[in-house]
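To start, the structure itself, in structure tokens.
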Amino acid sequence: MELSLGGLIGAMAGAALGAVNYVIIVPMVDQKLRAAQTPVSGEDLESRITAARRSVLAFNMLVFVAAGYWAGTALGG
């Protein structure tokens, strides 16, 4: 498997977009989880929020880096 320069640049751009998306999405997820009507202890709520943040980060990095690599390869050769 050969890595192209365009693909690597696209992957880096995708990672940057994923980070921006993470900064935008995480406060909304925090707010929704804290506003939930379920009676949850404080420690359990914080562990759920931490798990949600990690899930959002992993999803963003996988999707945005892959899409950036694909776009960079398609456009940059």
Side-chain angles (χ1 to χ4, degrees):
M1 179 177 173
E2 189 174 317
L3 298 175
S4 68
L5 181 60
L8 292 176
I9 292 171
M12 289 173 56
L17 287 175
V20 169
N21 190 32
Y22 176 79
V23 169
I24 293 169
I25 296 294
V26 165
M28 291 189 290
V29 171
D30 283 353
Q31 182 181 13
K32 295 288 184 185
L33 286 174
R34 291 185 194 282
Q37 296 285 336
T38 58
V40 179
S41 68
E43 187 175 306
D44 190 35
L45 177 64
E46 291 302 319
S47 67
R48 287 183 183 188
I49 290 173
T50 300
R53 285 181 176 182
R54 288 179 181 168
S55 299
V56 168
L57 179 63
F59 179 78
N60 277 344
M61 288 300 113
L62 287 173
V63 170
F64 281 93
V65 169
Y69 181 79
W70 174 78
T73 302
L75 298 175

Checklist entry - Between atom CG of Asn21 and atom CE of Met61, what is the distance when rounded to the nearest 0.5 Å? => result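 The CG atom of Asn21 sits 8.5 Å away from the CE atom of Met61.
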
Checklist entry - From Leu3 CG over to Thr73 OG1, what is the distance, rounded to the nearest 0.5 angstrom? => result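 The OG1 atom of Thr73 is 8.5 Å from CG of Leu3, to the nearest 0.5 Å.
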
Closest approach of [X] and [Y], non-hydrogen atoms and distance?
| X | Y | result |
| --- | --- | --- |
| Gly18 | Asn60 | O-ND2, 3.6 Å |
| Met28 | Ile24 | CE-O, 3.7 Å |
| Pro27 | Tyr22 | CD-O, 4.4 Å |

Each residue besides [X] in its hydrophobic cluster should be listed here, by chain and number; the cluster joins Ile, Leu, Val, Met, Phe, Trp and Tyr at side-chain heavy-atom distances under 4.5 Å.
| X | answer |
| --- | --- |
| Leu17 | Phe64 |
| Phe59 | Val63 |
| Trp70 | none |

Checklist entry - Does the side chain of Leu45 reach to within under 4.5 Å of the side chain of Arg34, using non-hydrogen atoms? => result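 A side-chain contact under 4.5 Å exists here.
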
Item to check | Option passing side-chain contact (heavy atoms from CB on, under 4.5 Å) with Ile49 (candidates Val29, Val26, Asp44, Asp30) | outcome: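 The single option meeting the side-chain contact (heavy atoms from CB on, under 4.5 Å) with Ile49 is Asp30.
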
